[in-house]
Amino acid sequence: MDVEKVRADTPGCAEVAHLNNAGAALPPRPVIETVAEQFALESLIGGYEAAERSAAVVEHFYDAVAGLIGAHRDEIAYVENATRAWDMAFYAIPFARGDRILTTTSEYSSNAIAYQQVAASKGVRVEVVPDDPEGTLSLDALEDELAKGDVRLVSLNHVPTHNGLVNPVAEVGRLCREHGVLYLLDACQSIGQLPVDVGEIGCDVLSATGRKFLRGPRGTGFLYVRQGIVQTLEPPFLDLHAATWKAPDGYEIREDARRFETWERYVAGQMGLGAAADYAMEVGIEAIEERVTALASALREELADRPGTTVLDGGERPSGIVTFTVDGHEPAEIKTVARQAGVNVNTTSPRSQGYDPHALPSAVRASVHYYNTEEELDRLLAVLP
Ligand SMILES: *Cc1c(COP(=O)(O)O)cnc(C)c1O
């Protein structure tokens, strides 16, 4: 990878050592320009007129995202963030009393809240599959639970938000297919840092956000729904884009994944997210994964050597998210000190961790991207107490 070039493409690299890519990454120039130019055009000729003029680029979003994850363009919906993308699919599942949802200890709290809401309203049981000794979802335990029957949904994250593990999502996919169970994957933290191929993973539904490792604009996300099941999922909300009014009192729902969209949208953001997908493909997802993994391992090693510093990441194959604590210092204090030195990190809190039984403490989260450098990691290490 030409690190100098990707940094030159990223104006933010000259401003800050940005190690908060799991929060929101720095966008590259093509994303910045796409969004800025469309907003400028809207301001000059009108929003509807600008959308018409840019129609081909708006449509290109579906090809770009489909290409990134190995899907068909009809399987992609543009949604304003990953949470709503996930919700639109999750709340479309026709649960019945007694159905079981299987998830993982590291599940994102928003998803966990939705499970509990449906558990209360529909009499569904939510079961958290235990971890293996490395801290990722145990495949043996998942297989045992699937064999007991009544599983309506397996739903989990690819990479959690609060520590650096990677779940064995393709193995989960194989088990789901064996048992004919619906599989929903939250790929918010993996898209843009790891290869995410829906065919290889074998998921039926996948949600992702624009602003994290994919380097798209804030307020953007997408949903993938496999063609074979899209018509079994009736979105909880429909508008005149998702469905067509049939006089006098009927309607017909779209047959593709765009049934999960709304008509009104952040058009510039959709175009920018398409540009971000193109950019990631151009840099190369395998090269991105290699560099992110190498930088994160280097940081973990340095941190592990420091007395009083504890690295909290689990899993056999860690991600680009590095979480740690420093004895006697609050994570928020470290974040502030780092910010003053021009280094962005974030903190995690047990509140975002859903069912995690290890109850990880609040921690500092340094999430690296391929445009980061060893020198930037040293800048962080230099300001740590
Ligand atoms: C950030 C995140 C979300 C939510 O994404 P939004 O785009 O903020 O709605 C969901 N799941 C995980 C694992 C995340 O890290």
Side-chain angles (χ1 to χ4, degrees), residues 19-25 27 31 65 76-91 101 103-117 128 135-137 154-169 172 183-194 196 201 203 205-224 260-262 265-266 269-270 272-273 276-277 292 296 312-315 318-323 345-356 360 363 365-369:
L19 305 176
N20 188 16
N21 297 290
V31 172
V65 169
I76 306 298
Y78 172 68
V79 189
E80 68 218 61
N81 55 55
T83 302
R84 277 297 171 265
W86 188 95
D87 285 344
M88 286 297 278
F90 176 72
Y91 287 97
I101 298 174
T103 187
T104 182
T105 61
S106 63
E107 191 64 339
Y108 193 62
S109 288
S110 296
N111 303 354
I113 290 167
Y115 303 144
Q116 298 310 137
Q117 190 188 29
V128 182
T136 44
L137 173 99
V154 169
S155 179
L156 66 149
N157 63 81
H158 194 172
V159 170
T161 198
H162 64 277
N163 76 7
L165 61 83
V166 179
N167 277 310
V169 290
V172 171
Y183 178 15
L184 165 54
L185 184 66
D186 173 346
C188 269
Q189 294 291 3
S190 55
I191 197 84
Q193 72 150 315
L194 305 174
V196 174
I201 293 170
C203 56
V205 182
L206 177 146
S207 57
T209 199
R211 74 179 184 281
K212 296 181 180 171
F213 287 93
L214 195 47
R215 309 182 67 193
R218 291 204 65 173
T220 66
F222 70 85
L223 181 68
Y224 155 82
F260 297 101
E261 295 185 341
T262 49
R265 66 191 55 203
Y266 175 25
Q270 179 173 353
L273 185 50
V292 167
L312 302 170
D313 304 321
S319 79
I321 298 175
V322 180
T323 51
V345 293
N346 206 352
T347 57
T348 64
S349 113
R351 270 193 311 131
S352 68
Q353 292 169 23
Y355 302 110
D356 201 326
L360 289 177
R365 182 182 71 180
S367 44
V368 300
H369 218 329

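Both ligands and their constituent atoms are indexed starting at 1 by order of listing.
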**Student:** Does T136 have any side chain to side chain donor-acceptor pair (under 3.5 Å) partners at least two apart in sequence or in another chain, and if so, which?
**Tutor:**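 Testing T136 for side chain to side chain donor-acceptor pair (under 3.5 Å), a comparison that skips the adjacent residues, returns D132.
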**Student:** Quick one: are S106 and H162 in side-chain contact, heavy atoms under 4.5 Å?
**Tutor:**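 Yes, at least one pair of side-chain atoms sits under 4.5 Å.
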**Student:** If the test is side-chain contact (heavy atoms from CB on, under 4.5 Å), which one of N20, L19, T161 qualifies with S367?
**Tutor:**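 Answer to the side-chain contact (heavy atoms from CB on, under 4.5 Å) test with S367 among N20, L19, T161: N20.
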**Student:** For the residue pair Y355 and Y115, does the interplanar ring angle fall in the parallel (under 30°), tilted (30 to 60°) or perpendicular (over 60°) class?
**Tutor:**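 Y355 and Y115: parallel rings.
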**Student:** How would you list, by chain and number, every residue that makes a salt bridge (charged side-chain N to carboxylate O under 4.0 Å, His left out) with R218, sequence neighbours excluded?
**Tutor:**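 By the salt bridge (charged side-chain N to carboxylate O under 4.0 Å, His left out) rule, R218 matches no residue at all.
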**Student:** Provide, line by line, the atom pairs where ligand 1 and the protein bring an N/O atom each to a distance under 3.5 Å; else say none.
**Tutor:**
residue, atom, partner, partner atom, Å
ligand 1, 7 (O), A82, N, 3.1
ligand 1, 7 (O), T209, OG1, 2.6
ligand 1, 7 (O), R211, NH1, 3.0
ligand 1, 8 (O), R211, NH1, 3.1
ligand 1, 8 (O), R211, NH2, 3.0
ligand 1, 9 (O), A82, N, 3.4
ligand 1, 9 (O), T83, N, 2.8
ligand 1, 9 (O), T83, OG1, 2.4
ligand 1, 11 (N), D186, OD1, 3.3
ligand 1, 11 (N), D186, OD2, 2.6
ligand 1, 15 (O), T161, OG1, 3.2
ligand 1, 15 (O), Q189, NE2, 3.0
ligand 1, 15 (O), K212, NZ, 2.8

**Student:** Once ring pair (Phe, Tyr, Trp, His ring centres under 6.0 Å) is applied, do any residues pair with F213, and if so which ones, sequence neighbours excluded?
**Tutor:**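 Only H369 meet the ring pair (Phe, Tyr, Trp, His ring centres under 6.0 Å) criterion with F213.
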